[in-house]
Amino acid sequence: MTSPANRRPASGRRRDRHGRGLRGRLVPATVPLARTKAEIFDDLVLDTVETLEHRFAKELAGVEFAVEDVPPELNVYDTDVLEDGEVPLARLLPGRPGRADMAPRIVLYRRPLEFRAMDHDDLADLVHDVIIEQVANLLGLDPDELS
């Protein structure tokens, strides 16, 4: 039995039984590998949205853009959903005229889009095309006019 005088003080850092401390990050934050797939996807969406907002600032002033991992479970999707087969890729929620609390919203579904892309460049093109199509539907324009 050890006396209280012989006990080591409890420190804030715990060590395992081999005397090793807590592990730090495996990759420095400055290295691109430290970014998650979701962060990379968000950047792709932001790049396209910023490009469109420079050209259509007035028309897109109240539009919200969002990213969800997967689409909600619904049996039937409305015409506001952009689908590939039966899998939703994005959804346009047009809002309600005259109601400030219901702004138009475009939601992209990350996992179905990532699944369809072969690589990063393909994903960037796919995200761009989906956003262009949804914004064109919202503004009542031809998607070719926005590209």
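Only this structure's heavy atoms are used, side chains among them; waters, hydrogens and symmetry mates stay out. As the structure is a computational prediction, the values presented were derived from the model and not from experiment.
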Is there a path of hydrophobic side-chain contacts, each under 4.5 Å between heavy atoms of I/L/V/M/F/W/Y residues, joining [Y] to [X]?
X	Y	value
Leu141	Leu52	yes
Leu92	Val87	no
Phe115	Val130	no

State, with a plain yes or no, whether a side-chain heavy atom of [X] is found less than 4.5 Å away from one of [Y].
X	Y	answer
Pro71	Pro112	yes
Glu145	Asp142	yes
Tyr109	Pro72	yes
Phe41	Leu123	yes
Val135	Val63	no
Ile131	Leu108	yes

Point-to-point distance, once rounded to the nearest 0.5 Å, from [atom1] of [X] to [atom2] of [Y]:
X	Y	atom1	atom2	result
Leu113	Leu126	CG	CG	5.0 Å
Leu60	Leu139	CG	CG	5.5 Å
Glu133	Leu146	CD	CG	10.5 Å
Asp125	His120	CG	NE2	9.5 Å
Thr48	Phe65	OG1	CZ	9.5 Å

* Heavy-atom closest pair, residues Pro143 and Ile132 -> O-CG2, 3.6 Å
* Asked: Do you know which of Leu82, Val81, Asp129 makes side chain to side chain contact (heavy atoms under 4.5 Å, CB included) with Gln134?
  -> Leu82
* To do: Just do the salt bridge (charged side-chain N to carboxylate O under 4.0 Å, His left out) check on Arg110 and Asp69 with the steps written out, would you?
  => CA-CA 5 Å; Arg110 180 177 65 87; Asp69 284 339; 3.0 Å; yes
Excluding sequence neighbours, so at least two apart, what forms side chain to side chain donor-acceptor pair (under 3.5 Å) with [X]?
X	result
Asp47	none
Arg105	none
Arg116	Asp84

